Every structure is written in C-alpha cells, then in structure tokens.
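Structure first, commentary second.
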Amino acid sequence: MSIYYRIVQRIDPREPEVAGKFYASGASIGRMGLNELASRVATRSGHSQGTVAGILYDLCEAIVYFIGQGRNVDLGNFGIIQLRLRNASGSENKEDFRISQVGEKKLYFVPGITLTGRINAAELVNADGMYSDMSGED
C-alpha cells in the first residue's frame, strides 16, 4: 500500500510577510467509482459484478438510513462512520443554548484496526511528478 503526497507551501496568516514553510499534503491520483469497486470485489470473490454492485448500493442506502436514525455504523475492523456536530458558538449555560448555534453537520470515518495497521505500514510516495505528468507540465 502506498500513500501519495505533494509538497505544498503554507503561509501563516498571522505572519503573511514571512515566507511560508513546506509541508507534505495528502494527494489523490484518481477516483474509484462504485462500479470499479464492484468489479474488483467480484474478481476476488467469484460473484458477478452486478450482484456485488447491488450489494454495495444497498450498503450505501443502509448506512444513510442508520445514520438518519441517530446510529453510528460499525463496519467491524474496517472502521466506524458517525455523525458529528460542530458548534459555531457555545452558551454560558444550558438554558441559553439555541439550535442556531450548530454550525456544521459532518460525517466522520474513524478507521478500525485493520485499516489503521495498513496506513501505518504504508510507503509514502511523492506524487508531485505524477501531477505534472497529468497536467502536461514539465
């Protein structure tokens, strides 16, 4: 397993006159759709791509349903999908809280032991060259 990164310069907004520092930033070298995922699983499992695609679509629907029911979705050693709220501001006491203080509703994925182990053991690969190849730059 490889983790791709690009080297990016970031400027501290509190000190815009100071030259930025360079950091590694996660990079994607493409996107895999549900049908491609179904094809991969079908090849490894012996089931048809159509059957696997149907199961994956149903899995996605079930995840949406259970999140909507206020549940976290535990995918075993792979991880947990959960809804979190981010508040725009807080209240001094419970009585003063207003629902308008909730700023964002976000889904979070907390990787499980299997995925965490793979990520920790992954090789880091600089993708800067791949990006210039894709854009036609030299």
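In this text the structure is predicted, and so the values were computed from the model without any measurement. All heavy atoms count here, side chains included; hydrogens, waters and symmetry mates do not.
- Here F78 pairs with F109 under the ring pair (Phe, Tyr, Trp, His ring centres under 6.0 Å) rule; sequence neighbours left out.
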Test side chain to side chain contact (heavy atoms under 4.5 Å, CB included) applied to R40 and V52, step by step | CA-CA 9 Å; R40 167 80 176 176; V52 173; over 6 Å; no
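- The two atoms that bring I67 and Q82 nearest to each other are CD1-CA, 4.2 Å, heavy atoms only.
- Expressed to the nearest 0.5 Å, how far CD1 of I81 lies from CD1 of I63 amounts to 4.0 Å.
- In terms of hydrophobic clustering, with Ile, Leu, Val, Met, Phe, Trp and Tyr side chains grouped at heavy-atom distances under 4.5 Å, V41 and L34 are assigned to a common cluster.
- To the nearest 0.5 Å, atom CG of residue N87 and atom OG of residue S100 are 10.0 Å apart.
- There is no path of hydrophobic side-chain contacts, each under 4.5 Å, that joins V64 to V110.
- Note on V73: it does not cluster hydrophobically with Y108, by side-chain heavy-atom contacts below 4.5 Å among ILVMFWY residues.
- Between N72 atom CG and R84 atom CZ the span is 9.0 Å, to the nearest 0.5 Å.
- Cluster membership for L59 and L115, using ILVMFWY side-chain heavy atoms within less than 4.5 angstrom, is shared.
- Of all heavy-atom pairs between A24 and Y5, the closest is CB-CD1, 4.0 Å.
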Step-by-step side chain to side chain contact (heavy atoms under 4.5 Å, CB included) determination, V18 to D12 | CA-CA 8 Å; V18 176; D12 186 342; over 6 Å; no
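- Following chains of ILVMFWY side-chain contacts shorter than 4.5 Å, one cannot reach I55 starting from L75, and the two form parts of different hydrophobic clusters.
- Note that CD of E61 is 8.5 Å distant from CZ of F66, once rounded to the nearest 0.5 Å.
- Here the closest non-hydrogen pair linking E36 and R31 is OE1-O, 3.8 Å.
- Listed here is the closest heavy atom pair of S48 and T51: OG-OG1, 2.8 Å.
- Between N35 atom CG and Q49 atom CD the span is 6.0 Å, to the nearest 0.5 Å.
- A donor-acceptor distance shorter than 3.5 angstrom exists from the side chain of Q101 to the backbone of G90, with no hydrogens or angles considered.
- Residue I3 qualifies as enclosed at atom CD1: its count of foreign heavy atoms under 6.0 Å is above 12.
- Distance check, rounded to the nearest 0.5 Å: CD1 of I11 to NZ of K21 gives 13.0 Å.
- By the neighbour-count criterion of 12 heavy atoms within 6.0 Å, atom CD of Q9 is densely surrounded, having more than that number from other residues, nucleotides or ligands.
- Shown here for A127 and A27, the closest heavy-atom pair between the two residues is CB-CB, 4.2 Å.
- S25 and V8 get closest at one heavy-atom pair: CB-CG2, 3.8 Å.
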